[in-house]
Amino acid sequence: MKKYLMIAALTAGMAMSSTAALADRVDHFKGKSADTLEQALENFVEYNRKLEAALAGDELTPEAVAHIHELTYTLENALERMKQDLAELADTLEEVHLASEVNDVERIREEGRKYLDVANKIAR
């Protein structure tokens with residue numbers, strides 16, 4: 001019964017097409033949190049695999065669509081965290097760039113290390 005109510009709610013939510021209706025939508029799931037970049041990357045990889053598996057079937061049944069809908073919450077959380085960290089990473093790289101323009105070796109090393117600490121988490 002609960003499964004059918006979820007599918008009905010999902011179907012009703014998908015039927016709303018106006019921007020105002022989408023902006024006021026009720027979140028059905030919270031998804032896994034992404035409190036750190038590492039957690040976001042793990043969730044991103046894991047839930048992309050789950051999404052790929054869900055899409056691999058011949059038919060997207062209402063149950064499969066509901067499952068995909070639920071997966072997107074965790075993926076959205078992961079992407080939001082990654083977006084924040086990548087924006088900070090770009091700022092840090094800019095500091096390295098600016099320091100290199102004026103040959104500020106100490107700042108290049110400090111900001112360069114900070115940059116690589118984060119960049120290496122992404123490029124593991």
Side-chain angles (χ1 to χ4, degrees):
M1 178 71 168
K2 189 175 181 181
K3 186 180 200 179
Y4 294 109
L5 289 174
M6 180 176 69
I7 293 168
L10 174 62
T11 304
M14 294 170 86
M16 293 186 285
S17 62
S18 73
T19 306
L22 290 174
D24 292 333
R25 76 179 187 171
V26 176
D27 289 341
H28 305 284
F29 307 101
K30 291 195 183 287
K32 287 175 100 175
S33 65
D35 298 325
T36 65
L37 177 58
E38 294 88 352
Q39 193 176 39
L41 291 167
E42 288 172 13
N43 292 347
F44 184 71
V45 169
E46 177 184 351
Y47 278 71
N48 276 336
R49 285 187 185 132
K50 290 180 179 190
L51 178 59
E52 186 174 13
L55 293 172
D58 291 335
E59 183 183 345
L60 288 178
T61 64
E63 292 85 5
V65 170
H67 177 65
I68 289 168
H69 178 75
E70 188 173 352
L71 294 174
T72 63
Y73 284 90
T74 295
L75 286 166
E76 289 170 350
N77 292 344
L79 287 172
E80 183 58 34
R81 178 59 195 226
M82 291 165 61
K83 179 180 163 185
Q84 292 170 5
D85 286 328
L86 287 173
E88 291 175 15
L89 186 62
D91 291 342
T92 304
L93 181 60
E94 181 64 12
E95 290 298 319
V96 175
H97 175 87
L98 295 173
S100 71
E101 288 180 343
V102 294
N103 200 30
D104 185 341
V105 175
E106 187 173 320
R107 197 165 120 217
I108 291 170
R109 285 183 195 208
E110 180 182 331
E111 297 299 322
R113 285 187 187 114
K114 287 184 350 188
Y115 170 82
L116 289 172
D117 283 344
V118 176
N120 287 333
K121 291 174 186 174
I122 296 168
R124 23 175 176 160

Side chain to side chain contact (heavy atoms under 4.5 Å, CB included), that's the test. Do D85 and E88 meet it? Break it down for me.
CA-CA 5 Å; D85 286 328; E88 291 175 15; 4.1 Å; yes
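Remark: E106 CD to E111 CD distance equals 11.0 Å, nearest 0.5 Å. Distance OG1/T74 to CG/N48: 11.0 Å, rounded to 0.5 Å. Atoms OG1 and OH, from T92 and Y115 in turn, are 9.5 Å apart once rounded to the nearest 0.5 Å. We find the CG-CG distance between L55 and L60 to be 6.0 Å, quoted to the nearest 0.5 Å.
The heavy-atom pair separating V96 from G112 by the smallest distance is CG2-N, 3.4 Å. When all heavy atoms of M82 and A40 are compared, the closest pair comes out as CG-CB, 3.9 Å. Here the shortest heavy-atom pairing between H67 and A54 reads CD2-CB, 4.1 Å. Of all non-hydrogen atoms in I108 and S100, the two that sit nearest each other are CD1-CA, 3.6 Å.
No side-chain heavy atom of E76 sits under 4.5 Å from any side-chain heavy atom of E80. In this structure the side chain of I122 reaches within 4.5 angstrom of the side chain of L89, judged on heavy atoms. With a 4.5 Å cut-off on side-chain heavy atoms, L51 and L75 count as touching. In this structure, the side chains of L86 and V118 stay at 4.5 Å or more apart for every pair of heavy atoms.
Within the structure, every pair that satisfies the salt bridge (charged side-chain N to carboxylate O under 4.0 Å, His left out) test and touches residues 40-57, not counting sequence neighbours, is listed here: K32-E46, E46-K50.
Formation of a donor-acceptor pair under 3.5 Å by the D104 side chain with backbone atoms of L98 is not found in this model.
More than 12 heavy atoms of other residues, nucleotides or ligands shown are found within 6.0 angstrom of CD on E101.
Taking the side chain to side chain donor-acceptor pair (under 3.5 Å) definition, one finds that E59 meets it with nothing, sequence neighbours left out. Listed by chain and residue number, E63 satisfy the side chain to side chain donor-acceptor pair (under 3.5 Å) test with T61 (two or more places apart in sequence, or in another chain).
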